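Shown next, in structure tokens, is the structure this report addresses.
Protein chains get the first letters and strands the later ones, always in sequence-line order, with residue 1 at the start of each. In this text the structure is predicted, and so the values were computed from the model without any measurement.
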Number of protein chains: 2
Amino acid sequence: MTDSLDTLSIRQMCDAFDVTPRTLRFYEAKELLFPIRLGTRRLFTRADRARLTLILRGKRFGFSLEDIRQLLAMYERDGSNQAQLLRTLEIAKDRLAQMEAQRAELDLAIDDLKTQLTEGEKMIAAFNTPPTQEGSAQ
Amino acid sequence: MTDSLDTLSIRQMCDAFDVTPRTLRFYEAKELLFPIRLGTRRLFTRADRARLTLILRGKRFGFSLEDIRQLLAMYERDGSNQAQLLRTLEIAKDRLAQMEAQRAELDLAIDDLKTQLTEGEKMIAAFNTPPTQEGSAQ
DNA sequence: AGCGTGCTTTACGTTAACGTAAATGTAACG
DNA sequence: CGTTACATTTACGTTAACGTAAAGCACGCT
């Protein structure tokens, strides 16, 4: 029988989510995950998997682990509280604004760098003009 | 007469470039700037100002100070060497590719976050439907 | 002489998210 | 019972770019 009540060992978790054991232990120490302890071993439940999914998603959005911890904690306390949901939406909107600002600055920097590159290639082209004759066609 | 042969004190530099004295000393320690030493005081020359401009520009492009130091060093050694210029262009192109990749991932994350936000607002809307009657129009 | 201002050096502190090494434990296999 | 495989805890190390505190010159003014 599947005596594993739908739990995963640390290695299975690592393979499933492409993270290291150190990362999972770190997240537990930071109170982001709460695996069951079987003796000294960790057993990661479905809830842990759900949390880890949210954690990794949050990281993509640029939230710090501490931010994520607080957001998760809010929902652990009362996932059905509408006020909390609204608060979360606000936080997410703020983060979105930051990401879009970052995108805008990145776009500017990219354009600037492209300009610089063009300048540089002009320099090269100038030096590369072979002094065979005068003008240069072909 | 302007006995300052076109040099700036550390404070004047800070005001001109909006950086702290610590930053300028740090850049000197890292061999990014080479101010003249008048006794123990620093005098920043036109060349230093040019370098600092490049440093700050490089930072916008996401280069590390060490990257910048190497690029500057290349030009200090031989600014007219075409091979060096080509090498620099390669580095810049690589960096541009990285920035564009970063932009792409950022765009994806932004879209995802927007989707999440929409989901969240749906939740709110669902809860907010006042149970006055049955359906709800307007 | 005393004071204020601006500059200096030295050197430890900060932050995030793990990496990595060392020593130990334990369960199952043969 | 010895080995192997996987797990655990503890705790110091890493990286970048400065911040910040402490303590002390050096100059000019009064």
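Put simply, CD1 on B:Ile36 is 17 Å from C1' on C:dC7, counting in whole angstrom units. Between A:Arg42 atom CZ and C:dG25 atom P there is a gap of 17 Å when expressed in whole angstrom units. The CG atom of B:Leu24 sits 9 Å away from the P atom of C:dT8 (whole-angstrom rounding). Taking atom CZ of B:Arg37 as the reference point, atom P of C:dC7 lies 13 Å away to the nearest angstrom. Atom CD of B:Glu28 and atom P of C:dC7 are 14 Å apart (whole Å). Regarding A:Asp15, its CG atom lies at a distance of 12 Å from the C1' atom of D:dC6, rounded to whole Å. Distance CD1 (B:Ile10) to P (C:dG6): 13 Å, rounded to an integer number of Å.
Between the side chain of A:Arg95 and the main chain of A:Phe61, a donor-acceptor pair closer than 3.5 Å is present. With hydrogens and angles disregarded, a donor-acceptor distance shorter than 3.5 Å links the side chain of A:Gln12 to the backbone of A:Ser9. At distances below 3.5 Å, not a single donor-acceptor pair connects side-chain atoms of B:Thr23 with backbone N or O atoms of B:Val19.
Contact check of residues 47-57 of chain B against DNA chain C (heavy atom, cut-off under 4.0 Å) returns no residues at all. Near DNA chain C, meaning a heavy atom under 4.0 Å away, there are no residues from residues 94-101 of chain B.
Nearest nucleotide to the B:Ser9 side chain, out of C:dC7, C:dT9, D:dT8: C:dC7.
The residue A:Arg11 sits close only to the backbone: its heavy atoms come under 4.0 Å of sugar-phosphate atoms, none of a base.
A distance of 14.0 Å separates CG of A:Leu54 from NZ of A:Lys59, quoted to the nearest 0.5 Å.
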Next on the checklist: Before you tell me yes or no, could you show the steps for B:Asp6 and B:Arg49 under salt bridge (charged side-chain N to carboxylate O under 4.0 Å, His left out), namely the whole-Å CA-CA distance, both residues' side-chain angles and the distance that decides it to 0.1 Å?
Outcome noted: CA-CA 11 Å; B:Asp6 196 26; B:Arg49 266 124 58 194; 3.1 Å; yes

Checklist outcome for this item: With B for base contact, S for sugar-phosphate-only contact and - for none (protein heavy atoms under 4.0 Å), nucleotides 15-29 of chain D reads --BBBB---------

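Under the 4.0 Å criterion applied to side-chain N and carboxylate O atoms, A:Glu66 and A:Arg69 are assigned as salt-bridge partners. Electrostatic pairing of B:Lys114 and B:Glu119 does not count as a salt bridge here, judged by no charged N lying under 4.0 Å from a carboxylate O.
No side-chain donor from either of B:Asp112 and B:Thr115 sits under 3.5 Å from a side-chain acceptor of the other. Defined by atom type and a distance below 3.5 Å, a donor-acceptor pair is present between the side-chain atoms of A:Thr45 and A:Asp48.
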